[in-house]
Every structure is written in structure tokens, then in C-alpha cells.
Amino acid sequence: MPYLHNFPVITYRIDASNRLTQVNEAWTEFARGNHGDALLPGDVLGRNLLDAIANITVRELYVRMIQLARSGQTLRFHYRCDAPDRRRTFEMVIRPLEDGAVEFESTLTHEEPRPSLALLELGRPRDERLLQICSWCQKVEVDDGRWVPVEVAVDILRLLEANTFPQLTHGICEPCAAEWTPCNG
């Protein structure tokens, strides 16, 4: 657990037009350490945060959370951001700043190792199939509409036998969406 105490808090800010105006060094370190070279400051500053969210439901949820922050509320919730070889839970705090700016702060609260999952590794060969993963809990939607842990999805979908992997797309599962119903209303 000493890693948790040494893990830096990731902070970023958007202006009143939702453009990223500031990312801290922890953002940069996390991007580099997780093959996120396209997320380095020179590539993201000045861009609209919402443009990075492809799933319409997740984007609408972020729009609502940003609106709540701009109305003076501070929001706090947990979400998963796994690596191929570990499960990670972060706490996100979204708080209002002056002039319609909003700050996002992510703190690592839990991390545990697991056998590496090739499905989550960047650089693996991908095909045209899409596999939806929940942006909050990291469960994966399988063919029958159930959302299951990623390890279970790999077995159900027989992905260890495949030469290529589906592309991952982020969404939100029904249980996580239900938690945010008050925020959506």
C-alpha cells in the first residue's frame, strides 16, 4: 500500500467553454505511464473536454456534472481506471472555480494486482468489433446484454482464442447509470 500514499493527485481544469486550460504534472506522468502519449499537455490543452467522450450517455452525464459544479456544487464519486495488470479505483472531486471554470481532481484510493489482460493492452491487434466497457466500474457488456467483470467477459467471449481483439468503447452500465439518476434529472 505505500504506492497509494506516493501516487500523485491528478488535477485538470476547464474554462467556461469546457476547454482544458490546465493539467498538472501528475496528469502528464499518468499519461506517459499508461501509453497515453496523445494525452500529453501539448495535445490536449485548448481542446474541449467533452470532445474526448465518445459515448453520448457518458458525455451527457459529464455535461450535467459540469453544470452542477458551475451552479456551486462540489461532486465526489469513485470510478475505476484499470491497467492491464491491475485494478485501480480513484475518487473524483469536481469543484467550481471562478468565471465558470471547473476543476477535476482524481486521487487513487485502491489498487490491486491481477494477471495481465491482453484485451486491455494498447498496441494489441484490433478488428472491427466493438466491445463496450463501463466508464465507472470497468465491467464489460457481453452479447446477451449482461455487464460482467472484464476477466469474465474474456472467458465468455473466448478472447484468449482470438488472433485479434475487439476495439474498446466506453459507455455506462445500467447500475452505474442508475446511481447518477439524480444527476441526470
Side-chain angles (χ1 to χ4, degrees), residues 7 10 12 20 23 27 29-40 43-44 47-66 75-94 104-181 183-184:
F7 194 90
I10 300 167
Y12 54 101
L20 281 159
V23 298
W27 166 292
E29 289 175 30
F30 191 77
R32 284 192 177 123
N34 290 278
H35 307 287
D37 292 339
L39 299 174
L40 295 175
D43 295 315
V44 298
R47 298 186 72 183
N48 189 310
L49 174 68
L50 300 174
D51 290 345
I53 305 171
N55 181 276
I56 188 71
T57 305
V58 175
R59 187 180 317 122
E60 289 173 355
L61 180 53
Y62 267 86
V63 166
R64 184 67 179 129
M65 290 188 296
I66 291 166
L75 291 88
R76 183 180 305 267
F77 59 92
H78 288 90
Y79 68 96
R80 292 264 302 272
C81 184
D82 291 356
D85 63 347
R86 58 188 167 262
R87 293 177 193 88
R88 296 185 293 220
T89 302
F90 285 83
E91 179 182 61
M92 170 78 77
V93 177
I94 304 174
F104 299 78
E105 181 181 278
S106 287
T107 304
L108 182 66
T109 60
H110 180 78
E111 182 175 62
E112 63 185 61
R114 69 163 168 219
S116 188
L117 293 171
L119 174 65
L120 299 180
E121 293 175 6
L122 296 176
R124 289 288 184 150
R126 303 286 171 172
D127 54 39
E128 70 284 345
R129 296 174 296 161
L130 293 176
L131 190 60
Q132 188 166 215
I133 188 166
C134 181
S135 296
W136 266 257
C137 69
Q138 296 287 285
K139 288 186 177 178
V140 173
E141 185 177 28
V142 293
D143 295 333
D144 61 3
R146 287 181 300 140
W147 290 82
V148 298
V150 67
E151 296 89 347
V152 174
V154 167
D155 288 339
I156 290 172
L157 300 173
R158 303 170 64 114
L159 295 177
L160 293 178
E161 301 168 17
N163 293 325
T164 60
F165 292 96
Q167 298 174 52
L168 295 177
T169 180
H170 285 81
I172 186 166
C173 69
E174 290 82 7
C176 289
E179 285 185 39
W180 286 100
T181 299
C183 186
N184 289 327

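Hydrogens, waters and symmetry mates are skipped; everything else that's a heavy atom, side chains included, is used. None of the values given here were measured: they were computed from a predicted structure.
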Is there a side-chain contact (heavy atoms from CB on, under 4.5 Å) between Leu108 and Arg88 once you walk through the steps? CA-CA 7 Å; Leu108 182 66; Arg88 296 185 293 220; 3.9 Å; yes

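- Within the 4.5 Å cutoff, the side chain of Leu117 has no heavy atoms near those of the Asp82 side chain.
- Within the 4.5 Å cutoff, the side chain of Tyr12 has heavy atoms near those of the Leu49 side chain.
- Pairing each heavy atom of Thr164 with each of Arg126, the nearest pair is CB-C, 4.2 Å.
- Between Asp37 and Asp43, the closest heavy-atom pair is O-OD2, 3.4 Å.
- For Arg80 (side chain) and Thr89 (main-chain N/O), no donor-acceptor pair under 3.5 Å exists by modelled atom type.
- The environment of CZ in Arg129 is crowded: more than 12 heavy-atom neighbours from other residues, nucleotides or ligands sit within 6.0 Å.
- Every pair passing side-chain hydrogen bond (donor to acceptor under 3.5 Å, both in side chains) that includes a residue from residues 167-176 is listed here, sequence neighbours excluded: Trp147-Glu174.
- In this structure, the salt bridge (Lys or Arg N to Asp or Glu O under 4.0 Å) partners of Arg124, at least two apart in sequence or on a different chain, are Glu121.
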Ile94 and Phe77: CA distance, side-chain angles, deciding distance, side-chain contact (heavy atoms from CB on, under 4.5 Å) verdict: CA-CA 9 Å; Ile94 304 174; Phe77 59 92; 3.8 Å; yes

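- What you find for Leu39 and Ala31 is that their closest heavy atoms are CB-CB, 4.1 Å.
- Residues Val140 and Ile156 form no side-chain contact, since every pair of their non-hydrogen atoms from C-beta on lies 4.5 Å or further apart.
- Once rounded to the nearest 0.5 Å, the distance linking CZ of Phe165 with CG of Leu120 reads 9.5 Å.
- Side chain of Asp85 to main chain of Arg114: no donor-acceptor pair is present (N/O by atom type, distance under 3.5 Å, no hydrogens or angles).
- Asp127 approaches Pro166 most closely through the heavy-atom pair OD1-CA, 3.5 Å.
- The aromatic rings of Tyr79 and Phe90 lie parallel to each other, their planes meeting at an angle below 30°, with 60° marking the opposite boundary.
- Ring geometry for Tyr62 versus Trp136: interplanar angle of 30 to 60°, hence tilted.
- Under a 3.5 Å cut-off, the side chain of Arg87 and the backbone N or O of Glu112 do not form any donor-acceptor pair.
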